[in-house]
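The structure under discussion appears below in the form of structure tokens.
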Amino acid sequence: MRRIVGIDLGTTNSLVAYFDPQTGAAKCIPGPYGETLCPSVVSLDPDGSIIVGEPARRRLHTQPERTIYSVKRLMGRGPADVQNELRLFPFRIDSASQNVIRVKLGSKLFTPPEISAFILRELKIWAEAYFAEPVDRAVVTVPAYFNDAQRQATKDAGRIAGLEVLRLVNEPTAAALAYGLHEKRRGKVAVYDLGGGTFDISILKLVSTSEGDIYQVLSTNGDTHLGGDDIDNLLQALFHEKILQQHQVDFSPRAELAQELRTALIRVKHELSEKDAAALRFPLPNGAMFVHEFTRGALEALICPIVDRTMGPVKQALADAQLKPGDLDEVVLVGGATRTPLVRRTVQEYFNRPPHTELNPDEVVALGAAVQADILERGVKNMLLLDVTPLSLGIETYGGAVAKIIPRNSTIPASAQELYTTGVDNQTGIDIHVLQGEREMARDCRSLARFTLKVPPAPAGLPRIEVKFLIDANGILQVSARDVRTSEQHSLEVQPSYGLSDSEVERMLEESIEYAEQDFAERQLTEARTEAEAILSATAKALSAEQVAGLALEEKRRIDAAVATLKEAAAGDDYKLIRSRIDALNQATTHLAEVVMNSALSAALEGRKVAEV
């Protein structure tokens with residue numbers, strides 16, 4: 001059997017990991033750049049090829065209209081759900097989108113599961129290069145608070161990418177798996193997971209028995225629309241307005257400039273996680289320099305409402321588990337946004353204990369997915385994972401009310417059934433409207449599916465209709481309805497309102513197989529061109545610096561010649577030639593790089609002396 005990998009399909013970054021039985025530990029797999037993090041960014045090249053990861057992230061500054069990030073926030077959602085935030089994103093939603101969002105990149109349209117499939121396929125390539133063998137099965141993690149539509153969209157993305165998704169595992173549960181094995185701790189554990197686009201809190205009980213370890217989720221809560229992105233969006237909107245007022249520079253028609261500012265603000269945010277102060281220096285198109293001095297306290301005052309929003313779900317999850325903060329034995333932080341000092345302080349104050357941060361918060365979910373993959377692959381019997389469904393499931397009853405059949409935080413797999421009857425004489429059919437949510441009225445819950453069960457005419461109240469719900473280990477729902485008197489039955493695996501049809505998924509899968517060889521060739525060429533573009537830009541910037549004015553004429557000629565030959569190669573289709581010309585330019589600019597570096601160090605030291613004086 002081919003090995004099973006664990007994948008964390010994240011809002012900001014994605015990772016792939018595996019469990020090594022020899023060392024008894026899970027490990028993340030590095031990509032071609034040596035990093036385990038693959039930016040969850042996808043770009044469409046003008047020639048039609050797809051770029052994923054770090055090369056695509058660089059294009060946010062140069063081709064934002066062809067590049068998409070944070071697609072996880074669009075998974076399983078309709079156009080009406082995302083209207084408020086679309087103004088913060090450079091990509092556009094096709095106006096003809098109905099149930100399924102279609103994102104416009106260049107002149108092409110893609111659904112969120114298709115874009116996520118490009119990321120999954122990239123991670124699949126990483127794993128296959130690492131193991132030197134095909135990889136076609138995976139455990140994929142999802143936010144605990146993902147609803148049925150969002151889970152189904154994730155499974156669709158896996159199918160399109162050529163992966164059999166054996167199990168969807170909730171991200172906090174995966175983190176607890178990795179943490180439990182790593183720390184060998186037991187007891188009641190809160191997993192606080194604040195990522196780029198989603199927030200989850202899960203309360204688990206880790207128990208050791210004579211037969212093995214049990215990881216039982218007691219409750220889960222969260223917000224699938226709350227994360228580090230919201231901090232970035234807040235800062236971006238605030239400084240767009242400041243720059244407009246102070247310098248009359250409007251970012252609305254300048255998508256490239258907007259992305260450059262976003263990147264600069266994120267860099268400042270990261271700096272303030274380590275230091276008490278940082279400065280934003282941002283050059284504007286009119287020649288002015290926008291400068292803003294940040295302090296950690298000022299940033300925390302801005303983002304405090306966002307961090308406070310996480311505590312509502314935390315309190316609800318504890319209430320559902322019938323626990324108080326003092327009942328918890330451990331608190332574990334997961335997700336890149338938990339590096340923010342305010343987040344750590346807020347969690348520590350609420351639970352009155354320092355949270356655990358020993359495991360890399362970016363990697364811990366992928367590591368846990370790899371542990372679950374190993375459980376499935378080797379049929380491990382001494383470890384049991386008991387997860388829960390995050391939202392209640394039910395049907396619409398007479399008058400538009402909701403009858404809950406499976407309440408939230410029920411352990412999965414789960415099944416339940418209820419008997420219903422007709423409300424009008426001589427009905428010939430009963431409409432079954434499947435809903436998900438916690439509100440009392442159908443109009444306030446998410447519609448998952450509708451179907452009609454035929455019944456023979458009879459007085460109201462006489463027919464007996466048995467409605468049965470079954471949730472599998474992935475949190476995906478199956479519904480059946482049966483007339484007890486006639487045995488007439490109707491059943492279906494729920495296709496959510498915002499899901500792709502089977503035929504659409506099959507078409508996308510067939511296209512990915514048909515064009516696999518062509519896509520790989522285009523990928524190699526695109527990556528080479530992207531790297532060439534980056535080194536040409538860096539070289540031009542270095543040559544324009546004042547400190548290289550005294551560069552020897554012969555050396556400058558060699559660099560100019562190497563630049564010209566690389567530009568010529570990049571305009572062609574031979575990726576090997578582009579790579580060789582990149583190497584040649586790297587060699588020609590070795591001394592130039594040293595001059596620029598030495599000059600920068602001298603300037604920094606001079607500035608420090610002035611500051612000390």
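These values consider heavy atoms only, across backbone and side chains, with no hydrogens, waters or symmetry-generated copies. Only a predicted model underlies this, so the values are computations on that prediction, with no experimental measurement involved.
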Notebook entry, point to check: Does any donor atom in the side chain of Arg262 or Gln236 lie under 3.5 Å from an acceptor atom in the other side chain?
Noted result: yes
Notebook entry, point to check: Is there a side-chain contact between Glu396 and Val402 (heavy atoms, below 4.5 Å)?
Noted result: no
Notebook entry, point to check: Among all residues two or more places apart in sequence or in another chain, which pass the ring-ring contact (aromatic ring centres under 6.0 Å, His included) test with Tyr145?
Noted result: none
Item checked: Steps toward side-chain contact (heavy atoms from CB on, under 4.5 Å) verdict (Ile395, His433) -> CA-CA 5 Å; Ile395 64 169; His433 184 196; 5.9 Å; no
Next item on the list: Evaluate the criterion salt bridge (Lys or Arg N to Asp or Glu O under 4.0 Å) for residue pair Lys188 and Glu330; output intermediate values, then yes/no.
Entry: CA-CA 7 Å; Lys188 296 183 184 72; Glu330 312 285 351; over 6 Å; no
Check: Yes or no on side-chain contact (heavy atoms from CB on, under 4.5 Å) for Val139 and Ile7, after CA distance, side-chain angles and deciding distance?
Finding: CA-CA 6 Å; Val139 168; Ile7 292 178; over 6 Å; no
Next item on the list: Could you list the residues that satisfy side chain to side chain contact (heavy atoms under 4.5 Å, CB included) with Ser40, not counting sequence neighbours?
Entry: Ser14, Ile119
Next item on the list: Mind listing the closest non-hydrogen atom pair of Leu109 and Glu114 along with its distance?
Entry: O-OE1, 4.4 Å
Notebook entry, point to check: Just wondering, do Val467 and Glu418 contact through their side chains at under 4.5 Å, heavy atoms?
Noted result: no
Next item on the list: Would you mind telling me which of Thr11, Asp229, Asn233 makes a side chain to side chain donor-acceptor pair (under 3.5 Å) with Ser70?
Entry: Asp229
Notebook entry, point to check: Hey, are the side chains of Lys108 and Lys104 touching, using non-hydrogen atoms and a 4.5 Å cut-off?
Noted result: no
Next item on the list: Please say which of Ile306, Leu265, Leu302, Ile266 ends up in a side chain to side chain contact (heavy atoms under 4.5 Å, CB included) with Ile231.
Entry: Ile306
Check: Checking side chain to side chain donor-acceptor pair (under 3.5 Å) against Ser392, which of Lys404, Arg439, Glu438, Arg408 comes through?
Finding: Glu438
Check: Given side chains that start at C-beta, do those of Gln417 and Phe469 come closer than 4.5 Å, heavy atoms only?
Finding: no
Next item on the list: For residues Gln372 and Leu177, determine if any side-chain heavy atom of one lies less than 4.5 Å from a side-chain heavy atom of the other.
Entry: yes
Next item on the list: Please work out which of the three classes, parallel, tilted or perpendicular, describes the rings of His240 and Phe251, given edges at 30° and 60°.
Entry: parallel
Notebook entry, point to check: Roughly how far apart are Gln348 CD and Leu333 CG, rounded to 0.5 Å?
Noted result: 9.5 Å
Checklist line | Heavy-atom donor-acceptor pair, Arg77 side chain to Arg73 backbone, under 3.5 Å | finding: yes
Next item on the list: Taking all heavy atoms of Lys124 and all of Gly162, pick out the closest pair and write down the distance.
Entry: CE-O, 3.6 Å
Check: Got more than 12 heavy atoms from elsewhere within 6.0 Å of CG, Asn426?
Finding: yes
Check: Does the pair Asp472/Arg167 count as a salt bridge with the N-to-O cut at 4.0 Å?
Finding: no
Check: Salt bridge or not for Lys269 and Asp232, using N-O below 4.0 Å?
Finding: yes
Check: Quick one: CG on Leu105 to OG1 on Thr67, what's the gap to the nearest 0.5 Å?
Finding: 7.5 Å
Next item on the list: Report the distance from atom CZ of Arg102 to atom CG of Leu74, rounding to the nearest 0.5 Å.
Entry: 13.5 Å
Checklist line | Ring center gap for Phe110 and Phe118 short of 6.0 angstrom | finding: yes
Next item on the list: Go through the steps to decide whether Thr310 and Tyr192 satisfy the test side chain to side chain donor-acceptor pair (under 3.5 Å), and finish with yes or no.
Entry: CA-CA 9 Å; Thr310 67; Tyr192 178 105; 2.8 Å; yes
Notebook entry, point to check: Would a distance-only check, ignoring hydrogens and angles, find a side-chain to backbone donor-acceptor pair under 3.5 Å from Lys205 to Tyr215?
Noted result: no
Check: If you look at every heavy atom in Leu166 and Leu376, which pair is closest and at what distance?
Finding: CB-CD1, 4.0 Å
Check: Sub-3.5 Å donor-acceptor pair from the side chain of Glu349 to the main-chain atoms of Thr346, do we have one?
Finding: no
Check: Does the pair Thr198 and His225 meet the rule for a side chain to side chain donor-acceptor pair (under 3.5 Å), with working shown?
Finding: CA-CA 5 Å; Thr198 57; His225 226 52; over 6 Å; no
Margin query: With a 4.5 Å cut-off on side-chain heavy atoms, are Arg353 and Val331 touching?
Written below: yes
Next item on the list: Give, for atom CD1 of Ile160 and atom CZ of Arg121, the distance between the pair rounded to the nearest 0.5 Å.
Entry: 8.0 Å
Item checked: Main-chain N/O of Asp320 paired to Ser219 side chain as donor or acceptor, under 3.5 Å -> no
Note to self: Within this structure, what is the CD1-CG distance for the pair Ile214 and Leu204, rounded to the nearest 0.5 Å?
What the structure shows: 13.0 Å
Next item on the list: Quick one: pull up CG in Leu120 and CG in Leu163 and give me the separation to the nearest 0.5 Å.
Entry: 6.0 Å
Checklist line | Closest non-hydrogen atom pair, Val41 against Ala56 | finding: O-CB, 3.4 Å
Next item on the list: Flag the pair Leu323 / Ile203 as yes when at least one side-chain heavy-atom distance between them is below 4.5 Å, and no otherwise.
Entry: yes
Notebook entry, point to check: Side-chain contact, heavy-atom cut-off 4.5 Å: Leu477 with Leu470?
Noted result: no
Next item on the list: Sequence neighbours left out, what passes side chain to side chain contact (heavy atoms under 4.5 Å, CB included) with Asp308? Give chain and number order.
Entry: Cys304
Check: Of all heavy-atom pairs between Cys38 and Val52, which one has the smallest distance, and what is that distance?
Finding: SG-CG1, 4.4 Å
Next item on the list: Apply side-chain contact (heavy atoms from CB on, under 4.5 Å) to the pair Leu15 and Leu123, showing each step before the final yes or no.
Entry: CA-CA 7 Å; Leu15 305 93; Leu123 296 174; 5.7 Å; no
Next item on the list: Kindly say whether Ala144 contributes a backbone atom to a donor-acceptor pair with the side chain of Asp200 at under 3.5 angstrom?
Entry: yes
Next item on the list: Give a yes or no on whether the backbone of Val169 and the side-chain of Thr173 come within a donor-acceptor separation of less than 3.5 Å.
Entry: no
Note to self: I'd like to know if the side chain of Gln436 and the backbone of Asp148 have a donor-acceptor N/O pair within less than 3.5 Å.
What the structure shows: yes
Next item on the list: Kindly indicate, with the supporting measurements, whether the criterion side chain to side chain donor-acceptor pair (under 3.5 Å) is fulfilled by Thr452 and Asp431.
Entry: CA-CA 4 Å; Thr452 300; Asp431 290 328; 2.7 Å; yes
Next item on the list: Kindly give the heavy-atom pair with the smallest separation between Leu272 and Pro341, and that separation in Å.
Entry: O-CG, 4.3 Å
Note to self: Go through it in stages, so that I can follow the logic: the residues are Val343 and Leu194, the test is side-chain contact (heavy atoms from CB on, under 4.5 Å), and I'd like the CA-CA distance, side-chain angles, deciding distance and then a yes or no.
What the structure shows: CA-CA 9 Å; Val343 171; Leu194 185 62; 4.0 Å; yes
Next item on the list: Flag the pair Asp156 and Arg151 as a salt bridge only when some basic side-chain nitrogen lies within less than 4.0 angstrom of an acidic carboxylate oxygen.
Entry: no
Note to self: Check this for me, if you would: do Glu466 and Arg485 make a salt bridge, where the nitrogen-to-carboxylate-oxygen distance has to be below 4.0 angstrom?
What the structure shows: no
